[in-house]
Structures are given as C-alpha cells and as structure tokens.
Amino acid sequence: MAQAAKVRDSLRMLPVVRREAAAYASAARRYRASADTAQAAYFWQTRSLNGVQHALWEQKAETTRQEVMVKQWKGKARRRGFWNWVTVVSVAALVGVFISH
C-alpha cells in the first residue's frame, strides 16, 4: 500500500518535473545562444581591432616615407638654392667685368 501511494505521488509530480526540466533546458539553450553571440561579438571586435592596428601601422609607415621624402626635397632645394645663388653671383661678376672693360 505504501508503495502504491509513492507511485501515485510520483505520477502526480511527473508533469511538474517535466515542466521544470523543459524550463531548465530552455534556459540552457538561451544561455548557450547568448554565449555564442558574445563569442561572435568578441571575434568581430578582435578582427576589427586588428584591422585598425594594421591601418595605423600603414599610416605610420606612410608618414615616415613622406617625412623622408620631405627631408630629401628640402636638401635638394637647399643645394639648388645655393647653386642658384652661385650662378647669380657669377653672372653678376661676369657682367660687372664686361661692363668695366
């Protein structure tokens, strides 16, 4: 008799246990979906960060190349200016020599 009462109680509680199990399974699926979403967001954020770092590296390299080019052009312009000055002075001296004779 006691065994029959236990079986009846178990059968009466079975739908409640099934609902709780379904609720736990549903919560587990939602948590898993949230974890997958968070992991995907982390992946894309990391990939984006790597892209930004690469772009910054390229920009730094380009800036360095431009700085080198500007220094070269400044050096060439300085030499060109010096030789222009020498040419002007030489021409002026030659004109002065020809005029005086």
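We use all heavy atoms of the structure for the numbers below, so side chains are in, but hydrogens, waters and symmetry mates are not. If you're wondering where the values come from, they're calculated on a predicted model, not measured in any experiment.
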Below 3.5 Å, can you tabulate the donor-acceptor pairs from side chains in residues 21-31 to any protein atom, sequence neighbours excluded?
{"unit_1": "Ser26", "atom_1": "OG", "unit_2": "Arg30", "atom_2": "NH1", "d": "2.8"}

Please report, to 0.1 Å, the donor-acceptor pairs under 3.5 Å made by any side chain of residues 82-98, with sequence neighbours excluded.
{"unit_1": "Asn84", "atom_1": "ND2", "unit_2": "Arg80", "atom_2": "O", "d": "3.4"}
{"unit_1": "Thr87", "atom_1": "OG1", "unit_2": "Trp83", "atom_2": "O", "d": "2.7"}
{"unit_1": "Ser90", "atom_1": "OG", "unit_2": "Val86", "atom_2": "O", "d": "2.8"}

Would you be so kind as to tabulate the donor-acceptor pairs closer than 3.5 Å made by side chains of residues 67-79, with sequence neighbours excluded?
{"unit_1": "Arg79", "atom_1": "NH1", "unit_2": "Gly75", "atom_2": "O", "d": "3.4"}

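Among residues two or more places apart in sequence or in another chain, the side chain to side chain contact (heavy atoms under 4.5 Å, CB included) test is passed with Gln66 by Glu62. Every side-chain hydrogen bond (donor to acceptor under 3.5 Å, both in side chains) that Glu58 has, sequence neighbours left out, goes to His54.
In this structure, CD in Gln39 is found 12.5 Å from OG in Ser34, a value given to the nearest 0.5 Å.
For CD of Gln45, the number of neighbouring non-hydrogen atoms (other residues, nucleotides, ligands) closer than 6.0 Å is 12 at most.
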Test side-chain contact (heavy atoms from CB on, under 4.5 Å) on Val16 and Arg19; report intermediate values, then the result.
CA-CA 5 Å; Val16 174; Arg19 275 194 304 272; 3.4 Å; yes
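Residues Trp44 make up the rest of the hydrophobic cluster containing Phe43, defined by ILVMFWY side-chain heavy atoms closer than 4.5 Å, directly or through other members.
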